[in-house]
Structures are given as C-alpha cells and as structure tokens.
Amino acid sequence: MAEHAVVIAGAGPTGLMLAGELALAGVDVAVVERRSDQNLAGWRAGGLQSRTIEMLDQRGIVDRFLAEGQVAQVGGFAWIKLDISDFPTRHPYGLGLWQNQFERILAGWVGELAIPICRGREVTGFVQDDTGVDVELSDGKRLRAQYLIGCDGGRSLIRKAAGIEFPGWEPTTSSLIAEVEMAEKPQLGTHRTALGIHAFGRREYEIREGNVVYKDVGPIRVMVSEQHPAPTGEPTLRDLSAALVKVCGTDYGVHSPTFISRFTDMARQAAAYRNGRVLLAGDAAHVHSPVGGQGLNTGVQDAMNLGWKLAQVVKRISPESLLDSYHDERHAVAARVLSNTMAQVALLRTDDRTEALHDVVSELLGMDEPRKRFAARMSGLGIHYDLGEGHPLLGRRMPDLDLVTANGPLRVFSLLHAARPLLLELGEPGGFDITPWADRVQLTYAAYAGPWELPAFGLVSAPTAVLIRPDGYVAWVGDHSQRGLSDALTRWFGPPAGV
Ligand SMILES: Cc1cc2nc3c(=O)[nH]c(=O)nc-3n(C[C@H](O)[C@H](O)[C@H](O)COP(=O)(O)OP(=O)(O)OC[C@H]3O[C@@H](n4cnc5c(N)ncnc54)[C@H](O)[C@@H]3O)c2cc1C
C-alpha cells in the first residue's frame with residue numbers, strides 16, 4: 001500500500017491550493033481526483049476577490065492569473081456594485097477569470113511542485129485509526145495517510161463517511177445555467193425583472209470602464225431562474241426552454257446545448273471541519289448560492305489557513321490541537337459567507353416590496369462607511385480572526401508594505417513566498433532573539449516610513465514588530481519588551497527547540 005503524509009480527495013480549486021501549500025512546507029502529499037483531466041464541463045466561478053489575489057501574490061504566482069484575467073471592479077452585494085479602488089491594497093479590484101482557467105493555472109503550479117495527482121480515480125471510503133487513515137480508491141487500490149482531507153465538493157463523500165453533520169437551509173430558488181446556440185440573439189448582460197432573474201453572455205469578454213463587453217462570436221451562456229425550486233436531477237433542454245419562456249416570454253430558439261446544469265440557494269455548513277484525522281475544506285465544508293461570488297474564494301482561503309497548520313502537525317512541530325484553530329477561524333468565516341449570501345438571495349427577489357428594499361440597501365451602500373464595510377467583507381480584505389485583544393493588526397491580514405532592508409527594497413509579500421512564518425522587526429535593529437525558533441521562523445529587520453492602513457478600518461499605529469503566519473495573518477504585535485512573543489511563537493509555531 002502506497003503511503004503519504006497527507007492524501008487530498010479532490011483536485012478542484014481547494015484541493016489544488018492545499019496540495020501546493022503542503023508541498024511548499026515539505027510535506028509528502030498526494031491528490032486523488034475523479035476527473036480524468038483538469039477540464040470542467042460547463043462553467044462555474046467567474047472571478048477572484050481581492051484577498052484571494054493577494055494570497056496568490058503571497059506565493060509569488062499572482063502574475064500568472066493576472067495575465068489571463070481581467071482586472072475590474074467586479075465586487076458587489078446583491079448586484080449592487082462595491083468599488084474598492086480606494087482600498088489600501090496592491091490589488092484594489094477583482095479579477096474576471098473563469099474557473100476553468102483558474103484551475104488550469106493552479107494545476108500548472110502544483111505540477112511544478114511535483115505533487116502526484118491520481119486522476120480518473122475516486123476515493124470510495126476510508127477507515128481511520130489512531131495513527132492514520134486507510135483510503136480506498138475506485139480502482140481497488142488503497143493508500144495510507146496520516147491525514148485525509150476532503151476537498152471533494154458539496155456532495156463530499158469524505159464528509160458523509162466521516163459522519164459529519166451538514167446542517168443548513170433547504171433551497172428556496174433554483175436557476176438553470178447552460179451553454180447553447182440561439183436562433184435569435186438575446187440582449188446580453190444581467191437582467192432582473194418582475195418575472196425573474198436572467199443573464200446572457202459569452203465565454204469571451206472584455207471589461208471596459210467597468211462594463212462587461214461580450215465578443216460577438218461563440219455560443220451563448222445562459223442563466224435563468226426557475227419559478228419554483230426544482231427537484232434535483234439532470235435538467236433538460238425542455239426545462240431550459242420552459243424557464244426562458246416564463247421569464248423572458250421567449251426561448252430565443254434555444255438549441256444545441258453543450259452543457260446544462262442547475263444550482264440552488266441551498267445553504268449548508270459542516271458542523272465540524274475535523275473528525276480525528278479527517279478534515280474538510282472548500283465546498284465539502286460549506287455550500288451556498290453563487291451570488292456574490294464567494295465559494296471558490298472561500299475554499300482557496302480555507303486551504304491557505306489549513307496548509308501550514310497541517311504541515312506543522314505532520315512534521316510534529318505543533319500539537320494536533322493547532323488544527324482546532326482551523327475549524328474555529330474558517331467555520332466563523334464561512335458562517336458569515338452563508339448569512340451574507342442568504343441576505344443577497346432575499347434582496348434579489350423580484351416582487352415590488354423586495355425591489356423597494358433593494359433600492360434602500362443600494363442607497364445605503366452608496367454611502368462611504370457602509371460601502372467600505374461591505375466591500376471589505378465581500379473582498380475578503382476585512383477578515384479578522386479572533387486572536388484576542390490587542391493592536392488592530394492582530395488577526396488581520398498583513399499589508400504588503402514596501403520595506404527597505406539591508407539588501408535593498410522588498411515587499412512584505414515577497415518574504416512569504418516560501419510559506420514560512422516571519423518576525424518582521426521595524427524599530428531599531430537587533431532587539432529580538434528568537435534562536436529557539438530559528439529553524440522555523442524567519443527574522444527580518446526592515447524600515448518602513450509610510451502609513452499603516454487597513455481596509456475599511458483606517459489608519460492604525462505603527463508597530464515595532466509583527467509576527468506573521470504563513471497565510472499572511474498577523475499572530476502577534478509588540479515591541480522590544482517582547483511581551484507575549486514566546487507564547488505566540490509557541491502557540492502558532494510549536495514549542496522552542498530543545499524543549
Ligand atoms: C454557477 C456557479 C457560479 C459560481 N460562481 C462563483 C464565483 O463567481 N466565485 C466564486 O468564488 N465561486 C463561485 N462558484 C462556486 C465555486 O464553483 C465553488 O465554490 C468551487 O468550485 C469550490 O471548489 P472546491 O475545490 O471546494 O470544490 P469543487 O470545485 O467541487 O471540486 C471538488 C473536486 O473533487 C472531485 N471529487 C469529488 N468527489 C470525489 C471523490 N470521491 N474522489 C476524488 N475526487 C472527487 C471533483 O471531481 C472535483 O474536481 C460558483 C458555482 C456555480 C455552480
């Protein structure tokens with residue numbers, strides 16, 4: 001039986017990101033993926049939020065994604081635009097990039113890290129004991145791992161087999177999505193009328209002055225709401241035609257579909273992200289309506305949170321209890337995503353009263369303070385892990401400051417490329433001694449003279465030193481007294497060497 005430290009079920013966005021994070025930390029990881037190649041049938045996510053873009057920047061791979069996508073103010077709440085161009089980040093925008101492209105580029109990076117992906121095979125079951133997990137595959141083979149991670153999507157077999165509850169809310173709406181030919185050309189763009197929501201587009205587009213301009217060629221991509229939440233099961237061309245007639249009065253002579261699928265606003269979240277040696281991330285841990293474009297982003301960010309923690313546990317640097325912080329931090333984030341998404345679905349109903357409410361919210365979000373607060377939430381830039389009382393940076397993302405070091409100018413994010421923790425000393429040099437953690441934590445002295453500003457929060461006082469986790473969140477803020485530093489180092493990066 002082949003053995004790996006970690007086996008990941010699913011090479012979607014979450015599984016790929018997690019595999020990359022583990023490999024960067026030097027962990028022996030293998031991925032099992034049902035699809036025979038990375039190609040996705042149809043389409044799903046259409047873009048990345050600012051914080052996800054920042055995280056790719058933290059690993060030095062963001063240019064690959066920026067080169068293929070379209071930078072624009074694509075963020076919104078219930079289709080109400082939220083402009084983040086004034087946010088203090090190097091990436092004050094979203095990126096229009098189809099999930100197919102995103103997965104292809106990410107898989108390229110994973111390939112460079114030489115991570116084995118067993119494609120065309122499924123995880124069909126597992127048995128865990130005190131020391132590891134026996135993972136059963138559809139070809140009859142077995143793998144042995146210390147940990148099994150379910151990144152296997154909303155219908156996660158891993159979640160079900162681990163006996164993890166998935167409570168939440170049943171669907172209230174359903175929509176069809178399809179790629180088709182049409183005899184008559186519909187008006188491209190998104191539409192919300194008293195009869196329902198619908199959108200027409202094409203794969204190829206440009207964003208000009210904030211507006212999506214579709215190419216004139218290629219099949220039509222359709223999204224149309226259904227009158228009643230439809231039963232599960234494969235939708236047909238007849239279903240699509242009927243839904244279009246109800247909402248648009250015509251089906252535009254729809255024919256030759258290459259893909260038809262259905263999504264709903266079902267909202268569910270795993271009650272626990274871990275059961276022993278089995279953990280969940282991405283859609284396996286949370287599902288919700290695609291409105292607001294949060295799913296892929298939340299999954300990729302789950303992976304960034306889990307990767308370094310799991311690596312430290314596998315390498316016996318940290319106790320298993322570090323994994324509990326993965327549940328605590330990421331369950332809270334996805335719970336907020338679910339409630340925000342449910343609010344958006346409610347606001348997008350098309351009756352007159354909801355329309356009036358939508359207008360009111362739109363007016364509110366036009367004001368600076370609410371816009372910033374909701375934009376920080378939707379872009380992921382406002383995520384704040386509860387790491388206790390202290391400086392406002394504690395538990396928030398470290399800004400990508402332009403530093404001056406003995407070796408010349410350097411960006412903070414470039415110090416995170418190898419996914420290693422970082423103690424950044426900004427006052428007088430030489431005050432900090434972290435020798436017992438020197439094998440795990442980098443210590444860098446740098447000068448920075450500019451302002452410290454957090455999205456939607458504003459200016460904060462300049463710290464003397466910050467301890468930054470590999471996922472880019474601040475674990476400790478302090479000064480040369482070093483009060484609390486060794487506790488923070490121990491809590492996040494294991495006990496000092498020799499203890
Ligand atoms: C119409 C639509 C639009 C969307 N728009 C957006 C958007 O704009 N922004 C956004 O952030 N999100 C969006 N989403 C959500 C996004 O697509 C998902 O959140 C994202 O794909 C989740 O990634 P994942 O890796 O967790 O799961 P998945 O992408 O579902 O990947 C799971 C992988 O596991 C594999 N697998 C499943 N079972 C097994 C098994 N037993 N063994 C081995 N492999 C297995 C699957 O083949 C798959 O490759 C949208 C979704 C839909 C449906």
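Numbering of ligands and ligand atoms starts at 1, following listing order.
- For Glu122, no nitrogen or oxygen atom sits less than 3.5 Å from a nitrogen or oxygen atom of ligand 1, counting backbone and side chain alike.
- Remark: ligand 1 and Pro13 share an N or O pair separated by less than 3.5 Å (distance only, no angle test).
- The closest protein non-hydrogen atom to atom 31 (O) of ligand 1 is Gly12 CA, 3.6 Å.
- Stacking of Arg51 on the aromatic ring of Tyr473 is recorded, both the 6.0 Å distance cut-off and the 45° axial limit being met.
- With a heavy-atom cut-off of 4.0 Å, Gln99 touches ligand 1 through its side chain alone.
- At least one donor-acceptor pair closer than 3.5 Å links the side chain of His327 to the backbone N or O of Tyr273.
- For Trp43, no nitrogen or oxygen atom sits less than 3.5 Å from a nitrogen or oxygen atom of ligand 1, counting backbone and side chain alike.
- Any N or O atom pair closer than 3.5 Å counts here, and Pro290 shares no such pair with ligand 1.
- Neither the backbone nor the side chain of Ser261 has any atom closer than 4.0 Å to an atom of ligand 1 (non-hydrogen atoms only).
- Between Leu296 and ligand 1, an N or O atom pair is found at a separation short of 3.5 Å.
- For a threshold of 3.5 Å applied to N or O pairs, the pair formed by Ile177 and ligand 1 contains no separation below that value.
- Checked against a 3.5 angstrom limit, the closest N/O atoms of Ala11 and ligand 1 fall outside it.
- Listed by atom number, the atoms of ligand 1 under 4.0 Å from Gly295 heavy atoms are 10 (C), 11 (O), 12 (N), 19 (O).
- Here atom 13 (C) of ligand 1 lies nearest to Ala45 when heavy atoms of Ala45, Gly15, Ser138, Ala284 are compared.
- A donor-acceptor pair under 3.5 Å is absent between the side-chain atoms of Glu206 and the main chain of Arg208, judged by distance alone.
- Of all atoms in ligand 1, numbered sequentially from 1 with element shown, those under 4.0 Å from a heavy atom of Asn297 are 10 (C), 11 (O).
- In this structure, the side chains of Lys185 and Phe200 stay at 4.5 Å or more apart for every pair of heavy atoms.
- Cation-pi contact between Arg277 and Tyr147: present, with separation from the ring centre below 6.0 Å and deviation from the ring axis of at most 45°.
- No more than 12 heavy atoms of other residues, nucleotides or ligands lie within 6.0 Å of CD in Glu165, so this atom counts as exposed by the packing criterion.
- The nearest heavy-atom contact from the protein to atom 34 (O) of ligand 1 is Gly10 CA, 3.2 Å.
- Taking the six-membered ring where the residue is Trp, Trp308 and Trp492 present tilted rings, their angle falling between 30° and 60°.
- A donor-acceptor contact shorter than 3.5 Å links the side chain of Arg90 to the backbone of Asp400.
- Here the protein heavy atom with the shortest distance to atom 44 (N) of ligand 1 is Arg34 N, 3.2 Å.
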Asp324 and Lys309: CA distance, side-chain angles, deciding distance, salt bridge (charged side-chain N to carboxylate O under 4.0 Å, His left out) verdict: CA-CA 10 Å; Asp324 296 336; Lys309 293 175 180 171; over 6 Å; no

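- Under the 3.5 Å distance criterion, with hydrogens and angles disregarded, a donor-acceptor pair is assigned to the side chains of Thr131 and Arg144.
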